[in-house]
Each structure stands twice: as structure tokens, then as C-alpha cells.
Amino acid sequence: MSVDEQLHERIRDAVRSVPAGRVATYGDIAEIARASTPRLVGRVLSEDGHDLPWHRVLRASGRPAPHLARRQLELLRAEGVPAVNDKVDLRTYRWGVRD
DNA sequence: CCCATGACTGATC
DNA sequence: GGATCAGCCATGG
């Protein structure tokens with residue numbers, strides 16, 4: 001198989017825990033799931049994220065991963081998360097911190 | 001074991 | 001805010 005079952009599941013849980021209308025960064029998910037590095041988050045989503053709210057996960061810059069930008073921003077817009085210049089205002093929509 | 005790859009990040013310039 | 005670079009670490013060749 002690929003990533004350890006435990007970690008794999010924790011990452012999926014972390015992604016599921018992000019409420020609609022909010023977003024989180026790969027780093028946030030990694031921290032919540034206690035993953036060693038954000039890269040693993042991307043890896044898990046890539047191979048097993050099709051049934052998760054993966055569109056709520058953004059890079060630290062507030063932009064989605066390049067190859068997904070289009071689609072992801074549409075999904076976010078549909079849940080009420082506006083993107084200006086293809087980028088989301090993390091200070092406003094980032095889940096967990098502030099508010 | 002070494003090397004490349006990748007839905008990443010933070011520091012520098 | 002973009003371009004570079006160095007860490008990061010699981011996976012596969």
C-alpha cells in the first residue's frame with residue numbers, strides 16, 4: 001500500500017473537518033493530522049481525495065495548486081468563498097485561526 | 001542505497 | 001509579489 005493507514009485516515013479526517021465556506025492550508029491539515037510534512041497531504045488527496053472536500057485545501061499563498069486552480073475556485077465560489085485574482089483571502093476564510 | 005518526483009513551505013533577494 | 005533555493009519525506013525505479 002502507500003502511506004500508513006493511520007496517517008492516511010487522519011489526513012482524510014482533517015480534510016473532512018473543514019466546514020463548508022471555510023478553507024485550510026496544506027500545512028494546517030498536516031498539523032491537525034500530525035503529518036510529518038504537507039507534501040503527504042497532497043499525496044493523499046491526489047490518490048484518495050476524490051470523495052473529500054479537497055477543494056477547501058489551499059496552499060499557504062491562498063492559491064490552489066496550479067493544475068486544479070480553475071475547478072477548485074469554482075467549487076469554492078459555489079460555497080460562498082470568493083477568490084480575487086484566483087486567490088482566497090486566508091485572513092478571512094482560513095479555518096481554525098482567528099475569529 | 002542513490003536519485004527523481006510531487007495537490008508544499010518559509011527564507012532571501 | 002515573483003523567482004530561487006533549500007528543507008521536507010513517502011514512493012517507485
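Labels below follow one simple rule: chain letters A, B, ... track the order of the sequence lines, proteins then strands, and each chain is numbered from 1. Computed from heavy atoms alone, side chains included, the values below leave out hydrogens, waters and symmetry copies.
Residue-to-nucleotide contacts include a donor-acceptor pair under 3.5 Å from the side chain of A:R39 to the base of C:dC8.
Across the protein-nucleic acid pair, A:H67 atom NE2 and B:dA7 atom P stand 5 Å apart, rounded to whole Å. A:R63 places its CZ atom 14 Å from the C1' atom of C:dA3, with the value rounded to the nearest Å. Rounded to a whole Å, the CG atom of A:D4 is 14 Å from the P atom of C:dC9. Counting to the nearest Å, the P atom of B:dA7 and the CD atom of A:E47 are 12 Å from each other. Residue A:D86 contributes atom CG, which lies 11 Å from atom P of C:dG2 at whole-angstrom precision. Atoms NE2 (A:H50) and C1' (B:dA7) sit 14 Å apart, rounded to a whole Å. As a whole-Å value, the separation of A:R59 CZ from C:dG2 C1' is 13 Å. Here the P atom of nucleotide C:dA10 and the OH atom of A:Y26 are 19 Å apart, to the nearest Å.
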Could you walk me through whether A:R39 and A:R43 pass the side-chain contact (heavy atoms from CB on, under 4.5 Å) check? CA-CA 6 Å; A:R39 283 192 181 277; A:R43 188 188 178 89; over 6 Å; no
Pair A:L76, A:Y93 - check side-chain contact (heavy atoms from CB on, under 4.5 Å), show working. CA-CA 11 Å; A:L76 285 176; A:Y93 297 96; over 6 Å; no
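Taking a cutoff of 4.0 Å between a charged side-chain nitrogen and a carboxylate oxygen, A:R70 and A:E74 do not qualify as a salt bridge. Between A:D13 and A:R16, at least one side-chain N (NZ, or NE/NH1/NH2) sits under 4.0 Å from a carboxylate O, which counts as a salt bridge.
With hydrogens and angles disregarded, a donor-acceptor distance shorter than 3.5 Å links the side chain of A:R12 to the backbone of A:D48.
If you check C:dC9, B:dT9, B:dA7 against the side chain of A:A60, the one that comes closest is B:dT9. Distance from the side chain of A:P38 is smallest to B:dT9 among B:dT9, C:dG2, B:dA7. Picking from B:dA7, B:dT9, C:dC9 the nucleotide with the shortest atom distance to the side chain of A:W54 gives B:dA7. Nearest nucleotide to the A:L40 side chain, out of B:dT9, C:dA10, C:dG2: C:dA10.
Counting any heavy atom pair closer than 4.0 Å across all strands shown, A:S36 reaches sugar-phosphate atoms only and no base atom.
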